[in-house]
Amino acid sequence: MESRVIMHVDANSAYLSWEAVNRLLHGDTLDLRTVPSVVGGDPLTRHGIVLAKSIPAKKFGIKTGETIWEAKAKCPELVIVPPDYSLYMRCSTAMGDILREYSPLVEQYSVDEYFLVYTGCQTLFGDPVEVAHRIKDRIREELGFSVNVGVSSNKLLAKMGSELQKPDRVHTLFPEEVPTKMWPLPVEELFAVGRATSKKLYDRRVQTIGELANSDPKWLELFLKSHGRLIWNYANGRDVSLVRINRHPVVKSMGNSTTLPFDIDNCREAYLVLLSLVETVASRIRAAGYCCQLVAVSIKDNEFLYRSHQRKLYDPADSTNLIHQTACELFDELWRGQPLRHLGVSAAELCSNEFLQMSLFNELNEKQRDLDKAIDSIRKKHGSLAVHRASFIRSGLKPMTGGTGEEVEYPVMSSLL
DNA sequence: TCTGGGGTCCTAGGACCC
DNA sequence: TCTGGGGTCCTAGGACCC
C-alpha cells in the first residue's frame with residue numbers, strides 16, 4: 001500500500017491575524033500583528049477573556065483564555081479589539097478554497113485548521129513539501145495572513161508538525177523524525193494531553209512526549225483507562241484516523257449557551273433565557289432537517305459550579321415550544337435558587353425529521369410545526385430580529401441567543417482526530 | 001475590571017430485563 | 001428463594017479540542 005501524505009494547515013493566531021488584515025484593508029495604518037494586541041470579549045458583559053493574541057502580546061506572557069484584566073496587568077498598553085465572527089467565517093472559507101485546488105480530500109477541522117490528503121496528487125502538483133510551501137505562500141500573498149503547514153503520513157503527525165515552530169513555516173514530521181522532533185517536547189504539547197492528563201503524568205515523573213512514548217501502555221491504562229493507550233500511540237506517532245470530507249458532516253449535537261451580563265435569581269427570567277437559547281438551537285435543528293431525541297440543560301452559578309441535566313424524549317422533536325418545555329423542566333430539576341451566571345441548552349441524538357414530516361402526529365404538533373416553519377421563513381427573509389415572542393418585550397433579554405451571528409456551516413469536529 | 005462558546009468522547013453507576 | 005451475571009439503556013460528570 002502506498003503510504004499516505006497528509007497536510008495540516010493552521011492559520012497563525014487566526015482571529016488576530018484576520019482582524020489585522022481586515023483593518024489594514026479598511027484603511028487602518030496600524031497592523032495589530034506588530035504590537036501587543038488581543039481579540040477579546042467585553043468585561044462589562046462578563047465576556048472578558050482573551051480569544052487570540054499577537055506575537056508581541058505573547059512576549060508579555062499573555063495567554064489565550066485568560067482574563068482581559070490579567071492581560072492588561074501584564075501589558076498596560078495592550079490593544080484590545082472585539083471579535084467579528086462573520087469575518088472569521090469568510091477568512092476560513094477563503095483558506096479552504098485555496099486548499100481545494102490541490103486536493104479534493106479536504107477536511108475542515110476547525111475555523112482555522114484544515115487537513116488535506118495529498119496522497120496520489122504528486123503526479124499533478126509535485127513534491128509534497130514544495131506544494132506545502134506553495135500553499136503557505138499563496139495564502140499569505142492572496143489572503144494576507146500566514147499559516148503553518150505540517151506534512152506527514154497521518155493526521156496526528158501532520159497536526160503536531162504544523163505546531164512545531166511558528167509563524168509562516170512548513171515542517172515535516174514523518175515517523176522517522178518523531179524521536180528527534182517530537183519526543184523532546186513537554187508532554188502537555190501532545191494532542192489529547194490536556195491539564196488533567198498532564199498533571200497525572202507529571203505526578204508520575206513522565207515529563208516529555210518521549211518518556212510517554214517509552215513507558216508501558218499497560219501501566220498508563222491503570223490510571224488513564226483507554227485514554228492512556230490512545231496517547232501512548234500518539235506519542236509513538238501512530239494514528240489511523242481518516243481525513244473526513246465535510247460535505248456530509250455527521251453532526252451529533254447542536255447547542256447554544258450564554259454567560260449573562262448579570263446573575264439571574266428567578267425562574268421567570270431563567271425560562272426566558274432558555275427560550276432565547278432554544279429559539280436558536282431549534283431553528284438550527286430545523287434548518288438542518290433534523291429532530292432531536294435528547295435535550296440537555298446546563299447551568300453555572302456565581303461560584304462557577306457547573307451542573308447539567310438531560311432527558312431522553314419519547315418522541316423526536318424539532319419545535320421551539322416543545323424543546324423549551326423540556327428545557328424548563330430540566331432547569332427546575334437543576335436549580336436550587338443560587339444566582340446563575342450561565343445557562344445552556346443542547347439538543348442531541350439527532351435524527352432525520354422525515355418521519356415527523358409524514359404528519360403522523362396530532363393536530364397540536366401539526367400546528368406547532370406550521371408555526372415554526374412560518375417563523376423560520378420570516379427570519380430567513382427579513383433577519384432573525386424580524387419576529388420574536390412577545391415575552392421578550394421589555395425583558396431586557398435578547399430574543400435569540402447563541403451562535404456566532406452567521407449560520408455556521410461547518411461542524412466543529414471531534415476532539416479526537 | 002475576573003474567568004466564552006462551540007463541540008465530541010469516555011466512564012461509572014443505577015435501572016431493568018432475561 | 002439466600003443470591004449470579006450478562007446485556008442494554010439512561011443519566012451525570014469529566015476530559016479534551018479549537
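We name chains A, B, ... by the order of the sequence lines, and we start the count at 1 in each one.
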Which of the following nucleotides, C/dC17, B/dG5, B/dT8, is nearest to the side chain of A/Lys159? C/dC17
A/Ser308 side-chain N/O to C/dT11 phosphate OP1/OP2 under 4.0 Å: no
Starting from the 5' end of DNA chain B, give me the residue, A/Asn302 or A/Leu277, whose nearest nucleotide shows up first. A/Asn302
A/Phe262 atom CZ, neighbour heavy-atom count above 12 within 6.0 Å: no
What integer distance in Å separates A/Glu66:CD from B/dG4:P? 13 Å
Does A/His309 place a side-chain N or O at less than 4.0 Å from the phosphate oxygens OP1/OP2 of C/dA12? yes
Roughly, in whole Å, what's the span from CG in A/Leu260 to P in B/dG5? 8 Å
Taking atom NZ of A/Lys300 as the centre, report whether more than 12 heavy atoms of other residues, nucleotides or ligands fall under 6.0 Å from it. yes
Contact nearer the 5' end of DNA chain B, comparing A/Leu224 with A/Lys72: A/Lys72
Step through it carefully: locate the ring centre of A/Tyr15, locate the ring centre of A/Tyr88, and say whether they are under 6.0 Å apart. yes
Measure from CD on A/Glu70 to P on B/dC2 and round the result to the nearest Å. 13 Å
Quick one: is B/dT3 close enough that its OP1 or OP2 comes under 4.0 Å of any side-chain N or O from A/Arg341? yes
Listed nucleotide nearest any side-chain atom of A/Lys312, set B/dT1, C/dC10, C/dC17: C/dC10
Kindly point out which of B/dG4, C/dC18, B/dG6 is positioned nearest to the side chain of A/Asn256? B/dG6
Name the nucleic acid region contacted by A/Gly48, choosing base, sugar-phosphate or nothing; use a 4.0 angstrom heavy-atom cut-off, strictly under. sugar-phosphate
Between C/dC18 and B/dC2, how far apart are the P atoms? Round to whole Å, please. 29 Å
Ring-face cation of A/Lys74 near A/Phe60 (centre distance under 6.0 Å, axis angle within 45°): no
Of all the choices, B/dG5, B/dC9, B/dT3, which nucleotide is nearest to the side chain of A/Lys252 once you look at every atom? B/dC9
Candidate nucleotides B/dA12, B/dG5, B/dC2, ranked by approach to the side chain of A/Thr258 - the nearest: B/dG5
So what's C/dC18 paired with, Watson-Crick or G-U wobble, going by both distances under 3.5 Å? B/dG5
Can you check whether A/Lys300 has a side-chain N or O nearer than 4.0 Å to OP1 or OP2 of B/dT3? no
Measure from NE2 on A/His227 to C1' on B/dT8 and round the result to the nearest Å. 13 Å
Of the listed nucleotides B/dG5, C/dC18, C/dA12, the one nearest the side chain of A/Gln310: C/dA12
A/Glu188 has an atom CD; how far is it from atom C1' of C/dA15, in whole Å? 16 Å
Give a yes/no answer on whether the side chain of A/His342 brings an N or O atom under 4.0 Å of OP1 or OP2 in B/dG5. yes
Of the candidate nucleotides C/dC18, B/dG4, C/dG13, which contains the atom at the shortest distance from the side chain of A/Tyr109? C/dC18
What is the distance from CD of A/Gln108 to P of C/dC17, rounded to the nearest Å? 19 Å
Quick one: is A/Arg46 getting a side-chain N or O under 4.0 Å of the B/dT1 phosphate, OP1 or OP2? no
Kindly say if A/His47 contacts the phosphate of B/dG5, meaning a side-chain N or O under 4.0 Å from OP1 or OP2. yes
Atom NZ of A/Lys155 to atom P of C/dC18: distance rounded to whole Å? 13 Å
Send over the distance from A/Leu330 CG to C/dC10 C1', rounded to a whole Å. 13 Å
A/Trp69 atom CH2, neighbour heavy-atom count above 12 within 6.0 Å: no
Does A/Arg238 count as lying over the ring of A/Trp232, i.e. NZ or CZ under 6.0 Å from the six-ring centre, within 45 degrees of the axis? yes
Answer with base, sugar-phosphate or nothing: what part of the nucleic acid does A/Ser226 contact at a heavy-atom distance below 4.0 Å? sugar-phosphate
Closest approach to the side chain of A/Thr197, judged atom by atom: which nucleotide of C/dC16, C/dC10, B/dT3 is it? C/dC16
Measuring from the side chain of A/Ser253 (C-beta onward, heavy atoms only), which nucleotide among C/dT11, B/dT8, C/dC18 has the closest atom? B/dT8
Which of these nucleotides, B/dG6, B/dG4, C/dG13, is closest to any side-chain atom of A/Ser257? B/dG6
For A/Tyr306, which contact category applies under a 4.0 Å heavy-atom criterion: base, sugar-phosphate, or nothing? nothing
Can you tell me which residue among A/Arg46, A/Gln338, A/Arg341 is in a side-chain hydrogen bond (donor to acceptor under 3.5 Å, both in side chains) with A/Asp263? A/Arg46
Tell me if C/dC2 is syn or anti. Syn = glycosidic torsion within 90° of 0, anti otherwise. anti
